[in-house]
Amino acid sequence: MTRILGVLGLLVVLYTALIASDPNAGKPDNLISVANLQGRYGVVTLGAALVIIVGGIDLSLGAVVGCAAVLFGILMNDGVHPYAAVPLVILFGALVGFTNGLLITRLKVQPFLVTLCGMFIFRGVAQLLAQPMRGTVGMTSVIEAHREFNDPLRTLRYLLIGKAPTDGELLFPAQFILLIILAGVVGFFLHRTAYGRYWYAIGHSELAAKYAGVNVNRQRVSVYVVCSALGSLGGILLFLDAPSLQSNNAGYTWELYAILGAVLGGCSLRGGEGTAVGMVLGAMVLPVLENLVNFRGDKSDVIPVVIGLTLLFGAIVDELIRQRSRVHR
Amino acid sequence: MTRILGVLGLLVVLYTALIASDPNAGKPDNLISVANLQGRYGVVTLGAALVIIVGGIDLSLGAVVGCAAVLFGILMNDGVHPYAAVPLVILFGALVGFTNGLLITRLKVQPFLVTLCGMFIFRGVAQLLAQPMRGTVGMTSVIEAHREFNDPLRTLRYLLIGKAPTDGELLFPAQFILLIILAGVVGFFLHRTAYGRYWYAIGHSELAAKYAGVNVNRQRVSVYVVCSALGSLGGILLFLDAPSLQSNNAGYTWELYAILGAVLGGCSLRGGEGTAVGMVLGAMVLPVLENLVNFRGDKSDVIPVVIGLTLLFGAIVDELIRQRSRVHR
Amino acid sequence: SLPACSNKSGKIKIAVVTNCTAEFWSIAEAGATKAAKEADVDLQFRQLEKDFDAAAQMQIVDSWVKQGVNGIAVSVIDPKNQTEDLTRIAKKVPLITMDNDADQTGRLCYIGINNYEAGKAVGRLVKKALPKGGTVAIFIGDTKSANGTARTQGVLDELAGQKDATGTPANHPVNPKLAGKQFGQYFLVDGEAKQDGSPTNASPVAGAVLGRVQGLPDLCMIGLYAYNPPAIMSEARSRGMLKDIKVVGFDENWLTLKGIADGEVIGTVVQDPFMYGYKSVEALAAKARGDDSKLVKDPIPYRVVTKDGGPDETINGLLVKFPKVADFEAKLRDDLKSVGK
Amino acid sequence: MTTPRLQVTDARKEFPGVVALDGVSLTLAPGEVLAIVGENGAGKSTLMKIVAGVYQADAGEVVLDGQPAHFASPGAAAAAGVILIHQELNLAENLTVIDNLFLGREVTVGGGLRVLNRRAMAERGKELLTRVGLPVDRAFAKVESLPPGEKQLVEIARALGTDVRILIMDEPTSSLTQRETETLYEVIAGLKAANVSVLYISHRLAEVKQCADRVIVLRDGRNAGELAKADITHDNMVRLMVGRDLKQFYPKTHKTAADAPAVLTVRNLLYRGGPDIPASFEVRAGEILGMAGLVGAGRTELSEAVFGVRHVVEGEILLNGQPLQVRSPADAIAAGVLLVPEDRRLHGLVLPQSVGFNLSLPNLAQISTPFGVARAQEAELHRTWIDRLRVKTPSAAQPVGLLSGGNQQKVVYGKWLARGPKVLILDEPTRGVDVGAKAEIYALIDDLVGKGVAVWMITSDMEELLGMSDRVVVMHEGKVAGELHGVLTEEAVMRLATGGTAT
Ligand SMILES: Nc1ncnc2c1ncn2[C@@H]1O[C@H](COP(=O)(O)OP(=O)(O)OP(=O)(O)O)[C@@H](O)[C@H]1O
Ligand SMILES: Nc1ncnc2c1ncn2[C@@H]1O[C@H](COP(=O)(O)OP(=O)(O)OP(=O)(O)O)[C@@H](O)[C@H]1O
Ligand SMILES: [Mg+2]
Ligand SMILES: [Mg+2]
């Protein structure tokens, strides 16, 4: 419980500040737009958080998001139907995770190193993929090339993003709903099934888990697969929501945002800690903070400072709450 | 020993490939230029590696490099003599490290989180500082504003970068020499003094160090101070070497490169491992690799893939060597 | 004290968003600030910190629409794919595109140069520097951006002397190990513009190319992003090659201007960021008061800055100015001083 | 009477949910060896940690040589000559033995630069190693490459290198064999002679009898009595500790049929990183096979090979006559071959997690449904094993790392017993376990063996070996040196363990 008090408080403060900043900020359409962004961040954060729980880290996640988004666009551009492209892209993500997992568990290369290399590689792969499109993919250009994808793509966007098929107006926070559903699934596995126990055990002590008969390598690989698959789903969402994407910066630094969300939500980078609820809350922080600086009309130059200090403040308060609760429980 | 065999082999391969790629690549001119870049990377890598040895991480390092570079320029622009600005900027770095260290040791916030926030904050501070200069600082503009700094700045550049005071021709790899000196100092502390023993002990088991009477917090803070001070020195070097710098991206992703260098050089992110020689070798990889792809005339789009795969290959070979040596000793 | 509240106080509010953070945009911001003062409107000028991220840009524009600003100017990142969103926005708020256009959106007007034509101007400078042909390399931050593509193609078309030039793959006549493409009399190293991705990486990329062409005759290095020419000069200087090469630039970086004054750079083709900012705000402020007369009808002409300047010329229907570097720099400093930058 | 070296009055310490110490007092004279005994969780370690500045008491007085002494850190205590050898090893395993011996008090030159005087440390270090009976060539080995027993000796050597006035040893012998223990007695005698006071905690009561001048007994965080030298007997100590007599310490009610079939057969086994001589032996249904050897004889490694941790290169493992492929512990566990590891904190338990989590971990498949782990069943499992093993914990939700050592060990048993073993490998089965709990564990083992389980018990505790084993295999330098049955004697075991031959 106390693990999420801090982030909960931070969110309350941020939302209060947001609503106070401008009469329009608290209106449903703005809150929906924030929630939608939170949903997308959240989906990726879930993946990052699971990897962190088993004591790993995934720096390639942002690049995978970008690469998946580009791949999604390119596949459809090459005539693959949107409904077929979605599972293909997720399969791509799963394969990436599988490779990461194998390198980490079989060849025993440090996760930080494997995934840092992955970050370069998949950023590059995205660029290579997008070469025929001059580095830019977007829904409009896909539809221009394949008129017949107009309806399915708009339906997909309606379902996954919540934007009106007609003019792209945001109607409901579909991405946030998706996040809640996925967090439910992740939470079920994490908190209710044997797998979750194994992940926590591995994160805290790989040796103890191994001696207790847990197939550590297999579990680790699965978690990396899930992580990258969620990342590629994030890429699909990014493609559907963004007007267009540049292959050399799509998903840039998302790995850091995702890790940040996970850590704010109570995951420890030492592994073995974290809850599904915390992940969702942690992922909600950055989008509302960004929306807040947009609404306050902060100068571009102060924005990073505001974001950095707010997060630091949140982290400190969170830690203090945790320490108090440890003493007084 | 075996900890550096892998990276040594990688370097040999890369240099061989470089020299084979183009008759001009092996000429002293080019090798000096590469060495100079390695020197700068190396200075920052030393800092990152020390923090990693005590079991921490510093993601704010790249932002500190950038912020220090900007601060250096702004100070001189405001009339501070270059010879006074150098220690002031390093003091700034030390203060950053001190704050990082206090937040990590006293308030017990996770290093990853503290320094990730620092990354935002110092990137923003750099932008705020550079606002009067419209976000851009450079040696030429400083000299334009203060003619009297012409000589000291050119002398400083000669000493630290190795560029001729007259026309800016690169004469010798001063940055690499600086790296060797600093690595010597770091190596001395790490391998020859009690402090180094404490850092290794803390990195492996904070509790063991504490029970042995080591003042863990003080040692940790010192290491963060050294790390950020080295980062700010890196910023000074960057300023002196670059034609001009943009406050929003100076030093960008250097934290990752520094961590990469440290890890390639044999530091484990679990803490408690690493040698000064390894750090130098690790930091040498990326600049020569970049020079190689540039000399090969690789297409821009494949460069990240080539870099990623090479690093991954190096990491795998390194790990295999290490495992073999473990079995056969 | 929050700027947003001033809306309620009745003051007109204009917002401008760029495509990245750069000194170029700080100059534009100065122009915008000046116009805002003159027109007595509130200005929110946002340099996009997530460079070339169209989604982040739309997020910002979106929150402005929700705040009820009275006019928005956007440097469009991807015209085609941003059209749907911008069309929707243009229906709600007066919208101007600047720097990079999206013409199917119902925007009120476009403020900017024609990048392809500006690229051709760069090509002409190269031809003037190396009339008998030679070896060229092009450096750019991003080969894929809309303005980058147009600029590069302009240069190449001018060198090749034909439209949509693709060049013929070739090896360098002097150093056959060097692969590239031939555009007319000009050999382009590697056959493509060299992309560095960010200013930090510009020097190593330029340095390596200089290293490869060292010793070849008739060299011209072309820097198409503002930070490229200084990086080229710095690397050439450190390799002792500055005297052996010609440099042609783009945009008004101070170091590029200094290079022109010192005779190290042939010339640079400049846009007019100060005007972009100024005219965007002027037009939107007027529009908010029901006055359409300030909307800009024609593309803003690019200018070619050289050491000695030259008389105005009409090229492809555009009146192009050829200012002297000293005059140009003085004017720019005045502009910036007028808003305390 | 001289001033006592140390006087603790009414020390009190409370942890969340647990009162660890509830007004404990003790005095310690100069040059005295005072043993502290008590059941697991009685508060022995906590008391010692208070004396040594690791914890601060909530209430009570600590007086050192007549001066109030409340140390803020272990460093401060060490400076005053109070050294604690922790129950759980606390070494920087990435450093060499020498580095660890001098960690925190390096011999340096160069003032504030603190340049290491490596020659001086090597010389001093080798002396210290000799004193505790470690070969001097260990000086430059990394600690992580040493077996637990040697690590423990390093900890002791570490303490000897200081200007120690009070040496506190919290279960120093838990992974030592007879021979190293003898060396330790000599060390203690030497300290006594130098007027150093020693506080000695052990669950091996024979040791206490051997070396203590006086014994104080703790029970449930209070003083439960004190025994003068003359009164130190096994029974007296046990009575004070448990509050009743303990009969039948080694129950051994099971009867092993002479022709019982072999359950586990190890045939010509070679494993990666192990000795070149293949190992062969078998464990029969319903018997306890004891395995003896000196520190580092290779018993743990052999068990790890059978359990699937170490890669088997040659030879075979048979379970009930069928070849068994073990590529990982998961394979062994699935086949019913379970291991209670020597190092419970590293291999046995996920320390930050709860008692319940650890009890469940290997048993989740049995209590899982398509809707996840069945909570009621899980709670039942926790209750059963906490009760049956009398694990002293506030609840199943308590992090297992906060339990006392012995109770942690019981949790390790619990997780395996809940599974139902075919072959149970016990590596130092009662390391750090109190007498009462030991008796309970022996009873448990006996009960299992009675039901036909084959138990392979690796132990360095001679009493336990002789008291519980039906048959003994002795290892020496990595190979099986011989087998003993019938009447087992200490002499016979030691002869084989030191390289002699069975007669
Ligand atoms: N840090 C802690 N937090 C919470 N409870 C603790 C902590 N340390 C010890 N305890 C509890 O305090 C009690 C006394 O523990 P202590 O370790 O002193 O026992 P002990 O006598 O040394 O036992 P053993 O013989 O098993 O080592 C136990 O119930 C234990 O669970
Ligand atoms: N992790 C390790 N790395 C290297 N050598 C090891 C390691 N563990 C044990 N050894 C060596 O292997 C040999 C056998 O050790 P093992 O722990 O199996 O002996 P043991 O009979 O169980 O002794 P103990 O009584 O100490 O448990 C020893 O010489 C030891 O030094
Ligand atoms: Mg204890
Ligand atoms: Mg053993």
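Please read all numbers here as calculations on a predicted model, not as lab measurements. Letters A, B, ... are given to chains in the order of the sequence lines, protein chains preceding strands, and every chain is numbered from 1.
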Considering only heavy atoms and a distance below 4.5 Å, find which of D:L339, D:L361, D:L338 pairs most often with chain A. D:L361

What heavy-atom pair brings D:P362 and A:A212 nearest, and what distance separates the two atoms? CB-O, 3.5 Å

Can you tell me which portion of D:T369 sits under 4.5 Å from chain A's heavy atoms? Options are side chain, backbone, both or neither. neither

What do you reckon, is CZ of D:R388 surrounded by more than 12 foreign heavy atoms closer than 6.0 Å? no

Does some side-chain heavy atom of A:R192 sit less than 4.5 Å from a side-chain heavy atom of D:F371? no

Count the heavy atoms of every other residue, nucleotide or ligand shown that sit under 6.0 Å from CD of D:Q56, and state whether that count exceeds 12. yes

Verify the neighbour count for atom CZ of A:F189: are there more than 12 heavy atoms of other residues, nucleotides or ligands below 6.0 Å? no

Neighbour count above 12 (heavy atom, 6.0 Å) for A:Y83 OH: yes

Minimum heavy-atom separation for A:S205 to D:L346, with atom names? OG-O, 3.7 Å

Quick check: closest heavy atoms across A:G213 and D:A330, and the distance to 0.1 Å? O-CB, 3.3 Å

Could you pull out the closest heavy-atom pair between D:Q353 and A:Y200, with the gap in Å? NE2-CB, 3.5 Å

Shortest non-hydrogen separation from A:A194 to D:V373 and the atoms involved: N-CG2, 3.7 Å

Just to verify, which of D:L351, D:V350, D:L349 counts as forming a side chain to side chain contact (heavy atoms under 4.5 Å, CB included) with A:H204? D:V350

Chain A interface, residue from D:H347, D:R419, D:K415 that has the most non-hydrogen pairs under 4.5 Å: D:H347

Kindly assign one of parallel, tilted or perpendicular to the pair A:Y211 and D:F307, based on the angle between their ring planes and the thresholds 30° and 60°. tilted

D:R375, part contacting chain A, at a heavy-atom distance under 4.5 Å: side chain

Tell me, for A:F188 versus chain D, whether the close heavy atoms (under 4.5 Å) come from the side chain, the backbone, both or neither. side chain

Honestly, the part of D:E378 sitting under 4.5 Å from a heavy atom of chain A is side chain

Please rank D:D343, D:N363, D:V309 by heavy-atom pairs under 4.5 Å with chain A and give me the top one. D:V309

Flag yes if more than 12 heavy atoms outside A:Y195 fall under 6.0 Å of its OH atom; otherwise flag no. no

Cut-off 4.5 Å, heavy atoms of chain A, and the answer for D:S328 is neither

